Amino acid sequence: MKSKIYLSSPHLGDKELEYVHEAFRSNWVAPLGPNVDGFEHDLAEYTGVRYAAALSSGTAAIHLALVMLGVGRGDVVICQSFTFSGTANPIAYVGAHPVFIDSESETWNMCPDHLQEAITDLEKKGNRPKAIIPVHLYGMPAKMDRILEIARQFEIPVIEDAAEALGSSIQGRKCGSFGDIGILSFNGNKIITTSGGGALLSDNKDFVVKARFLATQAREPAPHYEHKEIGYNYRMSNVVAGIGRGQMQVLEDRIWQRRKNFERYKEIFSEINNRGYCIKWLDEPEGFFSNRWLTTVILDPMKNNGINREKLRLAFESEMIESRPLWKPMHLQPVFAKELYYGEKISEQLFVQGLCLPSGSNLTDDDWKRIEDVIYKVFA
Ligand SMILES: *Cc1c(COP(=O)(O)O)cnc(C)c1O
């Protein structure tokens, strides 16, 4: 019986259990303790920000960022359309409206031109956006230079969704450190995982102290429980943070493995293209470094003898290999159908033609043989 090959499965190292054991041994089994402090320290040091708050998820981190920036009912927040719903849902949690922006074709992330167009247009209507949320999708950094320039011009804070991009960088500067607030995710399929978790990053101490406060039910300093604000139960537990500390020690290796996956797919598809096919992938622009969380390919059936991404996906599926269409843009999601959208068809086309390939850092030689067999069979 063949085992299933997953798109991106957890890959634990040797140290995670030691930290978890230590939490049990010392009875720090709560949403605070040495592992939480240690994990926050490791994250801040690695990403080059001054402070980090470990939270229950990346979605929770975005939610708290919006709350701290004072986003509320009737406000608008600019959001990359081509992303996972976890980026956009928190905008609805605070009663605000997302305004979705298309991608550009060099990084597949927020298009600065359409960003500028949207802000200018919204300003004219007297509705200056309260925040901008760019995303580094699949680990590829967004064009932060231009996005930040526009944000500064209009004095709008940036929440940088680096959930998929831990370890990615632009000119050596790590993703997660560009925005006023950065967020990370450690969900089960991310490049490192705590089984579930997230973090909020910032150079601004006030944001991080406030995030920890809001994440623990906004308890005022008093012997009894005193509350002046609505709080949340969003803190990371000390047991889970132990997994995170162990994972941080293998992060560089995981990035190296995933980048090797990309190179391997690139070799396979180059060879196939030499036989007359035209499969495309995303190379890094000058100075950009992707952690290659997931390797993705674009299959235009018009240029590939009628072979579309569904044909390749189903061929994988019949061999118990998981692959997945690229993210369906938020402006096409029924739940956000009424929201504004600025752009063209870049993200729509990526969704129609793109496929995420098995990209775990723990793929074995045997897994690779099964993956290659399917690809060569489809593009015979
Ligand atoms: C995973 C992810 C999130 C949400 O993180 P969770 O920890 O799953 O809540 C947000 N944005 C993007 C782009 C993601 O991939």
Side-chain angles (χ1 to χ4, degrees), residues 6-10 31 39 43 52-67 77-94 98 100-101 103 107-110 131-142 144 147 158-168 175-176 178-179 181-201 211 215 232-237 240-241 243-244 247 258 282 290-296 324-331 333 335-336 347 350-351 354 356 359-360:
Y6 290 95
L7 192 64
S8 176
S9 67
F39 189 37
L43 288 171
L55 301 170
S56 56
S57 74
T59 308
I62 297 175
H63 188 188
L64 291 185
L66 291 167
V67 169
V77 172
I78 299 229
C79 181
Q80 181 164 323
S81 184
F82 192 42
T83 188
F84 171 58
S85 65
T87 311
N89 284 337
I91 301 170
Y93 300 168
V94 297
F100 293 116
I101 307 288
S103 298
T107 75
W108 299 357
N109 294 309
M110 184 179 279
I132 302 170
I133 315 183
V135 187
H136 310 296
L137 224 53
Y138 305 117
M140 182 63 78
M144 291 311 291
I147 292 169
V158 171
I159 301 169
E160 182 194 357
D161 182 346
E164 301 178 2
L166 182 59
S168 300
C175 288
F178 289 93
I181 295 171
I183 79 97
L184 299 171
S185 167
F186 312 108
N187 210 335
N189 61 358
K190 299 285 156 69
I191 194 154
I192 60 165
T193 183
T194 59
S195 74
L200 184 144
L201 310 171
Y232 304 85
N233 184 2
Y234 279 173
R235 203 71 163 114
M236 179 180 279
S237 108
V240 153
I243 307 175
Q247 286 272 276
R258 293 206 185 224
L282 194 60
S290 170
N291 68 10
R292 295 292 182 191
W293 172 54
L294 296 184
T295 293
T296 54
R324 191 180 295 154
L326 303 199
W327 298 122
K328 181 174 181 177
M330 291 301 118
H331 72 279
Q333 297 287 359
V335 72
F336 293 123
S347 57
L350 289 168
F351 168 59
C356 300
S359 300

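Indexing begins at 1, ligand by ligand and atom by atom, following the structure's order. Keep in mind that this is a model prediction, so the values were computed, not measured.
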**Prompt:** How many angstroms lie between atom CG of L201 and atom CD1 of I183, to the nearest 0.5 angstrom?
**Reply:** 8.5 Å
**Fill in**
Near G197 (heavy-atom distance under 4.0 Å), the atoms of ligand 1 are 7 (O)
**Fill in**
If you compare Y138, W327, F84 by their heavy atoms, the one closest to atom 3 (C) of ligand 1 turns out to be F84
**Asked** Which atoms from ligand 1 have a heavy atom of T83 less than 4.0 Å away?
**Response** 13 (C)
**Nearest non-hydrogen protein atom, atom 4 (C) of ligand 1** = T59 OG1, 3.5 Å
**Request:** Find the distance between CD1 (I133) and OG1 (T83) and round it off to the nearest 0.5 Å.
**Result:** 9.0 Å
**Request:** Find all atoms of ligand 1 within a distance of less than 4.0 Å from any non-hydrogen atom belonging to N187, and give their numbers and elements.
**Result:** 8 (O)
**Under 3.5 Å: N/O of G86 near N/O of ligand 1** = no
**Item:** Ligand-residue contact atoms, ligand 1 with V135, heavy atoms, under 4.0 Å
**Value:** 13 (C)
**Asked** What part of S57, side chain, backbone, both or neither, has a heavy atom within less than 4.0 angstrom of ligand 1?
**Response** both
**Request:** Specify the protein heavy atom at minimum distance from atom 11 (N) of ligand 1: its residue, its atom name, and the distance to 0.1 Å.
**Result:** D161 OD2, 2.7 Å
**Prompt:** When rounded to the nearest 0.5 angstrom, what is the spacing between CG in N189 and CH2 in W293?
**Reply:** 5.0 Å
**Prompt:** For ligand 1, is there an atom lying under 4.0 Å from some heavy atom of H136?
**Reply:** no
**Item:** Test item: side-chain donor near acceptor, S168 and H136, under 3.5 Å
**Value:** no
**Asked** What's the shortest distance from atom 1 (C) of ligand 1 to any protein heavy atom, and which residue and atom give it?
**Response** K190 NZ, 1.6 Å
**Asked** Heavy atoms only: which of S185, A88, S56 is nearest to atom 5 (O) of ligand 1?
**Response** S185
**Asked** Which of the atoms of ligand 1 are close to A163, meaning less than 4.0 Å from one of its heavy atoms?
**Response** 2 (C), 3 (C), 10 (C), 11 (N), 12 (C), 14 (C)
**Fill in**
Looking only at protein heavy atoms, what sits closest to atom 15 (O) of ligand 1 is E164 OE2, 2.5 Å
**Item:** Result of checking N291, T295, I191 against R258 for side chain to side chain contact (heavy atoms under 4.5 Å, CB included)
**Value:** I191
**Request:** Please determine, by modelled atom types, if D161 and T87 share a side-chain donor-acceptor pair under 3.5 angstrom.
**Result:** yes
**Request:** Output the distance between atom CD (Q80) and atom CD1 (I147), rounded to the nearest 0.5 Å.
**Result:** 7.0 Å
**Prompt:** Would you say the side-chain atoms of R235 pair up with the backbone N or O of S56, donor to acceptor, closer than 3.5 Å?
**Reply:** no
**Request:** Any chance you could measure F84, atom CZ, to E164, atom CD, to the nearest 0.5 Å?
**Result:** 9.0 Å
